[in-house]
Amino acid sequence: MYVKLFLIVLLLSINSVKADCGCSTNRDASVTVEEETCSTINVDTSYTLSLDSMVLIRGGNFTIGTDKPVIIADGESPARLVYIDDFFIDKFEVSNFDFKQFVDKTGYKTEAEKFGDSFVFQLFLSENALKEVTQSVKDAPWWVPVKEAMWKHPEGLDSDIDDRKLHPVVHVSWNDATEFCKWAGKRLPTEAEWEVACRGNLKDRLYPWGNKLLPNNKHRINIWQGNFPFKNTAEDGWAATAPVNQFKENGYGLYNMVGNVWEWTSDFWNVHHDPNFTINPKGPSSSKEKVKKGGSYLCHKDYCYRYRCAARSQNTADSSASNLGFRCAKNIK
């Protein structure tokens, strides 16, 4: 059945949407972004998930990047010394429950809702939803734009989040995530902050817990097992997203820093980094895309080995997909 579905979508890819790589699903972006989107969202001081759900990362000197890049074109190298101020970061990815509070109190509409569609991995579509598909992503036909796919209907209108309240919210663009953060009195983490948090106070390790993918033969991450993109054996317990508190936390007490869903950062995308010591780096001042980190449940070592702390990828600020979410950060002062 999976092969049949895949072949159907492959044929549909004659009318294709361009993507930079299989794990990225960009909307067309013809204008370079130079300023953050203006906002009319006000801070909600009654928001319940406050600093009690955040971890304080003490500032200091840290090494980010790597001198052993796996995907050179992504700008994973070089390893470089940075100083980061104290900051708070969410223990968990923002959940559907969290995002619903935001929407209920503000009436906010995501960009996926405004565009009328968002990208979904075809294997999770119902037969009825699949019949409505007329396009797919060039070079990655398993990604298809689905009408009415959005945060509360992750696979289209015949799906919902009733049993996924503690799963990470998806189909949220960088612009949407920024608006949520403002409402919550927070912000998106910089790429450097995110990577420092991911490493869990370990040095020169692939994952938040070390170098072994399955320490003591225990799953620590929600990624793809099996034959991508035809069948996910879900050996880690989850074929798609997992709850935000699933798996063991890292040394800082943070959950799902790799796998599960990609997470937006505040930085503009660039593959060339200043190798010199820098203080609170924030990336370039402008670009057409934003940095995302951590990989997702769709990552597989033979296809998208980006579920490493040093790994990185990018999307346009208005892009959304069924494996793209975020967590928030906050300044001390």
Side-chain angles (χ1 to χ4, degrees), residues 1-7 9 21-25 70-71 91-93 95-96 119-127 129-130 140-144 154-155 159 161-171 198-200 202 205-251 253-263 292-313 321-325 327:
M1 180 182 72
Y2 297 122
V3 174
K4 182 179 179 181
L5 288 176
F6 177 71
L7 289 175
V9 177
C21 68
C23 64
S24 295
T25 49
V70 176
I71 307 175
K91 292 180 183 178
F92 311 109
E93 294 153 332
S95 70
N96 286 314
F119 289 97
V120 180
F121 189 80
Q122 57 85 22
L123 195 62
F124 300 109
L125 292 177
S126 68
E127 291 186 8
L130 191 60
W142 44 86
W143 276 117
V144 294
E155 294 83 45
S159 66
I161 56 171
D162 290 348
D163 61 348
R164 289 182 261 185
K165 291 182 174 64
L166 288 182
H167 287 233
V169 67
V170 293
H171 297 297
C198 179
R199 293 180 183 274
L202 298 178
R205 296 293 186 269
L206 290 172
Y207 312 116
W209 56 85
N211 286 328
K212 292 185 66 175
L213 181 61
L214 296 173
N216 300 317
N217 292 317
K218 299 290 185 181
H219 287 283
R220 299 285 298 269
I221 182 176
N222 178 20
I223 54 175
W224 186 285
Q225 292 96 34
N227 181 18
F228 187 89
F230 302 104
K231 183 177 182 179
N232 187 349
T233 59
E235 295 166 24
D236 55 33
W238 304 93
T241 57
V244 298
N245 61 347
Q246 188 70 23
F247 304 106
K248 183 175 175 58
E249 70 272 29
N250 74 359
L254 306 174
Y255 292 76
N256 290 297
M257 289 300 294
V258 291
N260 216 25
V261 294
W262 283 100
E263 298 182 15
K292 62 181 183 180
K293 297 280 284 185
S296 80
Y297 64 89
L298 294 175
C299 283
H300 186 283
K301 189 170 184 178
D302 294 336
Y303 161 67
C304 180
Y305 186 30
R306 292 183 173 89
Y307 45 92
R308 298 166 287 109
C309 291
R312 56 204 303 271
S313 190
S322 58
N323 68 338
L324 183 52
R327 76 178 70 215

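Just so you know, these numbers use all the heavy atoms, side chains as well, and skip hydrogens, waters and symmetry mates. Bear in mind the structure is a predicted one, so any value in this text is a computation, not a measurement.
- Here the closest non-hydrogen pair linking K91 and G253 is CG-O, 3.9 Å.
- Distance alone, capped at 3.5 Å, places no donor-acceptor pair between the E235 side chain and the Q225 backbone.
- The CG atom of L298 lies 6.5 Å from the OG atom of S322; values are rounded to the nearest 0.5 Å.
- Checked by atom type and distance alone, the side chain of N256 pairs as donor or acceptor with a backbone atom of V244 at under 3.5 Å.
- Atoms CZ and CG, on R220 and L214 in that order, are 10.5 Å from each other to the nearest 0.5 Å.
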I'd like to know whether C299 forms a disulfide bond (SG atoms under 2.5 Å apart) with C304, so could you lay out the CA-CA distance, the side-chain angles of the two residues, the decisive distance to 0.1 Å, and finally the verdict. CA-CA 5 Å; C299 283; C304 180; 3.5 Å; no
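- Listed by first then second residue, pairs satisfying side chain to side chain donor-acceptor pair (under 3.5 Å) with a partner in residues 207-217 read Y207-Y305, not counting sequence neighbours.
- Expressed to the nearest 0.5 Å, how far CD of E155 lies from CG of L130 amounts to 12.5 Å.
- Formation of a donor-acceptor pair under 3.5 Å by the W224 side chain with backbone atoms of K301 is not found in this model.
- Judged by distance alone, the side chains of E93 and N260 do bring a donor and an acceptor atom under 3.5 Å apart.
- Under the 3.5 Å distance criterion, the side-chain polar atoms of K165 are left unmatched by any main-chain donor or acceptor of N96.
- Using cut-offs of 30° and 60° for the angle between ring planes, the W143 and F119 rings count as perpendicular.
- Put simply, the side chain of K293 gets close to the backbone of A311: a donor and an acceptor are under 3.5 Å apart.
- Looking at heavy atoms from C-beta onward, F121 lies out of side-chain contact with N323 at the 4.5 angstrom threshold.
- Atom CG of D236 and atom NZ of K218 lie 14.0 Å apart (nearest 0.5 Å).
- A distance-only check finds a donor-acceptor pair linking the side chain of N232 to the backbone of A239 [under 3.5 Å].
- F228 and Y303 have parallel rings, their planes meeting at less than 30° on a 0 to 90° scale where 60° marks the start of perpendicular.
- The structure places OH of Y297 at 11.0 Å from NE2 of H167, a figure rounded to the nearest 0.5 Å.
- Taking the ring pair (Phe, Tyr, Trp, His ring centres under 6.0 Å) definition, one finds that F92 meets it with Y255, sequence neighbours left out.
- Of all heavy-atom pairs spanning P208 and V258, the tightest one is CD-CG2, 3.6 Å.
- Residues V144 and P141 share a closest heavy-atom pair of CG1-O, 3.8 Å.
- P154 and V170 make their closest contact through CB-CG2, 4.4 Å (heavy atoms, listed as atom of the first residue, atom of the second, distance).
- The shortest non-hydrogen separation linking G226 to H300 is O-NE2, 3.2 Å.
- The distance from atom NZ of K292 to atom CD of E263, rounded to the nearest 0.5 Å, is 12.0 Å.
- Here the side chain of N250 pairs a donor or acceptor atom with the backbone of L254 at under 3.5 angstrom.
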